[in-house]
Protein chains: 2
Amino acid sequence: MTKTSSNKNGKISTKEKIFDVSVDLFSKKGFDAVSIREIAREVGIRESSIYNHYPSKETILNVIFQYFKKELTKMRPPEAVNIEKLTPDIFRERVHLTHMLFRTPTMEKIFKIIINEQFKNEKARKIVLHNLIEEPHKFTEKVLDNMNQRGIIRPLDPKIMAVEFQYPIFSLFMEYLLLKSNNLNTEDVETRLKSHVDFFLSVITPEVEK
Amino acid sequence: MTKTSSNKNGKISTKEKIFDVSVDLFSKKGFDAVSIREIAREVGIRESSIYNHYPSKETILNVIFQYFKKELTKMRPPEAVNIEKLTPDIFRERVHLTHMLFRTPTMEKIFKIIINEQFKNEKARKIVLHNLIEEPHKFTEKVLDNMNQRGIIRPLDPKIMAVEFQYPIFSLFMEYLLLKSNNLNTEDVETRLKSHVDFFLSVITPEVEK
DNA sequence: GTCTATAGCTAGATAGAC
DNA sequence: GTCTATCTAGCTATAGAC
C-alpha cells in the first residue's frame with residue numbers, strides 16, 4: 001500500500017502519503033485529471049501544504065517514475081550473474097519475477113500511469129521503450145546467444161527468438177491489467193502466459209537422443 | 001488528413017474540421033489536456049460554435065471511437081470469406097492489411113488516443129480488449145483450427161499458436177508508434193515484424209516429404 | 001510543516017444577438 | 001451556424017501568519 005511501507009520510525013510521513021495517494025489517483029484518472037486539491041483532500045491536508053514536500057505536480061510524477069525505475073532494477077539479475085551457467089529455466093524464473101514485482105499494487109498502478117502517459121510524456125515513453133521493451137529483450141537475446149554457443153538449445157536465431165519470447169509477455173501483461181480494470185476474469189490470460197512459456201521452452205529445447 | 005477527406009460537395013465541413021483537429025490534439029496532448037477553446041482556435045471558430053456540432057467534449061471523443069471501430073471492420077475479411085480455402089498466406093496478408101490501415105495518419109492518431117485513455121475510459125478499454133486483442137486472436141485461432149483439420153499445417157494447438165502469432169504483433173506495433181513519437185528509427189522494429197511472421201510460418205508449415 | 005487567503009488563470013458550457 | 005458576453009467552477013502556485 002505504501003512506497004516503502006514506512007520510514008525508520010515505522011510511521012508513514014506526509015511525503016510518503018502524498019506519493020501513495022498520487023500514485024493511486026493518477027493511475028485511476030490520469031495525471032491531467034487529478035488536481036493538487038484532490039491529492040491534498042485525500043491526504044488530509046490543504047493544497048498549499050503539498051508544496052512543502054514537492055515543488056510542483058509535475059515533480060510528483062517524476063518522483064513516481066524514478067521509483068518505478070529503481071524497483072525495476074531490483075528485479076533484474078545482478079551484473080555478476082554467471083551467464084555461462086544459465087539454463088533454460090531462467091525464462092520461467094524471469095516471468096515469475098516479473099509477475100511478483102507487478103503484483104505489488106504500487107508497481108501495478110505506476111505501470112498504468114506510464115502506459116497512460118507514454119504518448120504525451122517523453123519520460124514515460126522512454127521508460128516503456130528502454131526499461132520495459134528494449135532491456136528485457138536485449139537480455140533475452142544475450143542469454144539465448146550464449147546458450148546457443150554452449151549448444152544447450154536448438155540452433156535458432158537469438159534475435160528472432162528473443163522477440164518470440166519477450167513480446168507476447170508484454171501484450172499479455174497489458175491485457176491482464178485491462179481485464180482487472182474491467183473486473184473481468186484473468187484466469188484465461190494467465191493460462192495463456194503459462195502456455196506461452198511452455199511452448200517457447202519446447203521450441204528451444206533440443207530433441208532428446210535415445 | 002481528414003476523416004472522410006470531404007463530403008459530397010468536395011468541401012470539408014466545420015464538423016469534419018472539428019473532428020480532424022480533435023483527433024490531432026487529443027493524440028498529442030491527451031483528451032484532458034485539450035480544451036474546447038484550443039480546438040476552436042485551431043478550427044478557426046469560437047468555442048461556443050463547437051456546441052452547434054457536438055453537444056460536449058466527451059461526445060467528440062465518442063464519435064472518434066465510433067469512427068475507429070467502423071474503419072476496423074473495413075479491414076476485416078467479410079463473414080462470407082471462405083475459411084475452407086484459406087492458406088497460410090492469410091497471415092502475411094493480415095499483417096499487411098493492418099499495417100496499411102494504421103499507416104493512415106487518422107487511424108494512427110486514434111490508436112494513440114485509445115492507448116492513452118484505456119485505463120481511465122471504459123469505452124477505450126473495451127476497444128483495446130475486444131477489437132484490438134480478442135477479435136483478431138479469435139479469428140486467428142479459428143483459421144488455425146480449420147487448417148489443422150484440413151491437415152495443411154503441423155498439428156499444433158490453435159489456442160497456443162494464436163497467441164504466438166497475434167500477441168507479438170500488438171507489442172511490435174506499439175513499439176513502432178513509440179519510436180515514431182520519439183523521432184527514432186523504426187527500421188529495426190519493422191524487420192522484427194517481418195522476421196516474426198516468417199518464423200511463425202516456418203513453425204506451422206509441415207516438413208516437405210522428398 | 002501546517003494553515004488561511006488569494007492571485008491569476010483556464011476550463012466547459014449557455015444565452016441570446018445577428 | 002457563427003458571434004459576443006458571461007456564468008460558474010475549477011486549476012496551480014504563492015504570501016505570509018502561526
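Order of the sequence lines sets the chain letters (A, B, ...), proteins ahead of strands, with each chain counted from 1.
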Peer 1: Could you check which residues of residues 26-43 of chain A get a heavy atom under 4.0 Å from DNA chain C? Sort them by number, please.
Peer 2: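 Those residues whose heavy atoms fall under 4.0 Å from DNA chain C, taken from residues 26-43 of chain A, amount to none.
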
Peer 1: Quick one: does B:S48 reach the base of D:dT4 with a side-chain donor-acceptor pair under 3.5 Å?
Peer 2: yes

Peer 1: Once you round it to whole Å, what is the distance between P of D:dC11 and CG of A:L25?
Peer 2: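 Value for this atom pair: 12 Å.
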
Peer 1: Distance alone, cut at 3.5 Å: any donor-acceptor contact between the side chains of A:T205 and A:S202?
Peer 2: no

Peer 1: Between B:L61 (CG) and C:dG12 (P), how many Å, whole number?
Peer 2: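 These atoms are roughly 13 Å apart.
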
Peer 1: B:R46 CZ to D:dC3 P: how many Å, rounded?
Peer 2: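 Answer to the nearest Å: 6 Å.
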
Peer 1: State whether A:Y54 and A:K15 meet the cation-pi test: NZ (Lys) or CZ (Arg) under 6.0 Å from the six-membered ring centroid, and within 45° of the perpendicular axis.
Peer 2: yes

Peer 1: Would A:Y167 and B:F170 count as a ring-ring contact (aromatic ring centres under 6.0 Å, His included) if you check the C-alpha gap in whole Å, the side-chain angles of each, and the deciding distance to 0.1 Å?
Peer 2: CA-CA 8 Å; A:Y167 280 65; B:F170 186 83; over 10 Å; no

Peer 1: Please work out which of the three classes, parallel, tilted or perpendicular, describes the rings of A:Y67 and A:F19, given edges at 30° and 60°.
Peer 2: perpendicular

Peer 1: Determine, for A:F26 and A:K109, whether the Lys NZ or Arg CZ falls below 6.0 Å from the six-membered ring centre while staying within 45 degrees of the axis.
Peer 2: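 So A:K109 doesn't make the cation-pi contact.
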
Peer 1: Starting from P on C:dG12, measure out to OH on B:Y51 and report it in whole angstrom.
Peer 2: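 My rounded result for the distance is 6 Å.
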
Peer 1: Starting from the 5' end of DNA chain C, give me the residue, A:H53 or B:E47, whose nearest nucleotide shows up first.
Peer 2: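 By nearest-heavy-atom nucleotide position, the 5'-most residue is A:H53.
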
Peer 1: Atom NZ of B:K57 and atom C1' of C:dT14: how far apart are they, to the nearest Å?
Peer 2: 18 Å

Peer 1: Atom CD1 of B:I60 and atom P of C:dG12: how far apart are they, to the nearest Å?
Peer 2: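 Whole-Å distance recorded here is 10 Å.
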
Peer 1: Whole angstroms only, please: what is the CD1-P distance between A:I12 and C:dG1?
Peer 2: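 Rounded to whole Å, this separation is 16 Å.
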
Peer 1: With B:E47 as reference, evaluate B:R37, B:R41, B:K57 under the salt bridge (charged side-chain N to carboxylate O under 4.0 Å, His left out) test and give the passing residue.
Peer 2: B:R37

